[in-house]
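The structure appears right after this line, and notes come after that.
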There are 2 protein chains.
Amino acid sequence: MTEKSSASGGTGLPASIEAAWGLRDRPVKGPKPGLTLDRIVAAAVAVAASEGLAAVSMGRVAKELGVSTMALYRYVSAKEELYLLMQEAAMGAPEPLPALEDGAGWREALGQWAWAQRRVFHRNLWALRIPIAGPPASPHSIAWWEQGLQALEGSGLDEGDKISVVLFVGGFVRNEALLMSDLAAAVEAKGLAPQEVMSQWERTVERLTDPVRHPALSRLLASGVMNEPDQPDHEFVFGLERVLDGVEALIRKGASS
Amino acid sequence: MTEKSSASGGTGLPASIEAAWGLRDRPVKGPKPGLTLDRIVAAAVAVAASEGLAAVSMGRVAKELGVSTMALYRYVSAKEELYLLMQEAAMGAPEPLPALEDGAGWREALGQWAWAQRRVFHRNLWALRIPIAGPPASPHSIAWWEQGLQALEGSGLDEGDKISVVLFVGGFVRNEALLMSDLAAAVEAKGLAPQEVMSQWERTVERLTDPVRHPALSRLLASGVMNEPDQPDHEFVFGLERVLDGVEALIRKGASS
DNA sequence: ACAGTAACGCGTACAGCATACGCAGAAGGG
DNA sequence: CCCTTCTGCGTATGCTGTACGCGTTACTGT
């Protein structure tokens, strides 16, 4: 019951995802399809890139392609499936890492991996807004995981720890990018300059903060740290260093056992 | 231009948020309001808790209160504002940390802080789905920040590093909770047992993975690690340990300089 | 060559959404 | 007692995703 398509390998994946893997025989009976999944996804991505994910509606994408809204449902079973394909397209295949000398350099490799992922996210901020709908099962996501695992090849960690580290680092990168994207969107929504929003926010917190009930915050504000315009990468660089230090501590512990 | 309310302290905050801070004079002219912000937020939270954030619509909340949809707009200027108030209600005031002996124990304190935050998120999974709309400016968010900063009091870090650490740890907790919530939702949407979904996913990846193009992944799958049913907290415990180790490395470095 | 059939594009319809606008009536101040 | 102000709400607009069914096309088996 609830059987999926017959041509599928029984993967349980949505039909269009199987198509993305290259499985799936093109039906040969009816009229030739006037569209392709690729064209649809490309149009959707274009809309998302220029007007944000919220602007991506089935009707909007269809208009972009010069077809009716309902035509899209011959290629995609639901909007969520389109989202998945968009995410896959945005992610792209990871550029091959510069080969690491075996046994050493996991830190460099993992750092490179994190930076590469961050670059992808920043190039496609809209993709971060797509809710995660399950464990990754698309070619590019899998390729990214593969690369993360490879970066840890010479680390001496066991397989369970390796995948946990990949999850951990990937989560950090994603979260940081999402946070920055949300803040940027909020700033843009207010229609003010970023610095102006920041200083207004600081004044607000200052007014709302009670030095007695919030001693640590008051100290923070008094220190003037929030005024210094730091480079936009600051929090990422800081966090990544902490993340890699944390992984290093684990590896050293494992090596000593 | 775009002047906000007159009674406000010029904080630039939405009207209802100022009400949450206790500022704001109740107008005295017209008929007595039949609702309260608190009642509205409570109803919205109840809907979100039992049917998910997606079920929270203005009409639904109004029905819950026995009023018309548009009545709510006398209390809240837009749905986004309601979201903010819901988030604030869900977050709650942080329970006071067990007093830490001065100068030591930052790790214990920060760990406690992270666990407490995680407990709150898990009690209100819907709250994670609310998009972040700017830097925190609500009483409870501020209180959580304050507590995070206090945990680092004896660490010897400077103020800039302290706030970065708080951001870093808070981000980790939030991201982990969100990921777990998304996965749980995806599993539930499939209508299968969690273990069944997991094993189906593993079989799928196995089929899609090419041992030549994905050597590390193949090794992972062959190791059988993915089959062991690990306790649900595993990734959080693992990640938190890495996070705290990373912070510890920073503190040690700072202490040596 | 022709019937059968499967897939295509799409028109229509429906339920739900956020919210702009304006009006009737209630409550208090002058 | 009037007049200002604020409440609740009915109506309306323009979106959204998508279920359903119809006409048409292109191929397969006879």
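Heavy atoms only: backbone and side chains are in, while hydrogens, waters and symmetry mates are out.
- With values rounded to the nearest 0.5 angstrom, B:Lys190 atom NZ is found 10.5 Å from B:Glu196 atom CD.
- Without hydrogens or angle criteria, A:Trp113 side chain to A:Leu149 main chain gives no donor-acceptor distance under 3.5 Å.
- Within 6.0 Å of atom CD in B:Glu206, more than 12 heavy atoms from other residues, nucleotides or ligands are found, so the atom counts as buried in its surroundings.
- When the options B:Lys79, B:Glu81, B:Gln87 are evaluated for a side chain to side chain donor-acceptor pair (under 3.5 Å) with B:Tyr83, the one that passes is B:Lys79.
- The backbone N or O of A:Gln200 lies less than 3.5 Å from a partner atom in the side chain of A:Thr204, making a donor-acceptor pair.
- Contacts with DNA chain C (heavy atom under 4.0 Å) in residues 67-82 of chain B: B:Thr69, B:Met70, B:Tyr73, B:Arg74, B:Ala78, B:Lys79, listed by number.
- Taking atom CG on A:Leu35 and atom P on C:dA7, their separation rounds to 17 Å, with Å as the unit.
- Less than 4.0 Å separates DNA chain C from no heavy atom of any residue of residues 41-66 of chain A.
- No donor-acceptor distance shorter than 3.5 angstrom exists from the side chain of B:Gln117 to the backbone of B:Arg174, with no hydrogens or angles considered.
- For residues 53-68 of chain B, the set of pairs meeting the side-chain hydrogen bond (donor to acceptor under 3.5 Å, both in side chains) definition, not counting sequence neighbours, comprises B:Glu51-B:Arg60, B:Arg60-B:Glu64.
- Within a 6.0 Å radius of CD in A:Glu202, other residues, nucleotides and ligands contribute more than 12 heavy atoms.
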- prompt: When Watson-Crick pairs (N1 to N3 and N6-O4 or O6-N4) and G-U wobble pairs (N1-O2 and O6-N3) count only below 3.5 Å on both distances, what is the dot-bracket string of DNA chain D, with | for other-strand pairs?
  reply: ||||||||||||||||||||||||||||||
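- Here the side chain of B:Trp145 pairs no donor or acceptor atom with the backbone of B:Leu167 at under 3.5 angstrom.
- No more than 12 heavy atoms of other residues, nucleotides or ligands lie within 6.0 Å of CZ in B:Arg213, so this atom counts as exposed by the packing criterion.
- At distances below 3.5 Å, not a single donor-acceptor pair connects side-chain atoms of A:Trp126 with backbone N or O atoms of A:Ala54.
- The ring pair (Phe, Tyr, Trp, His ring centres under 6.0 Å) contacts involving residues 29-76 of chain B comprise nothing, where partners must be two or more places apart or lie in separate chains.
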Protein-nucleic acid N or O pairs under 3.5 Å, nucleotides 24-30 of chain C:
none

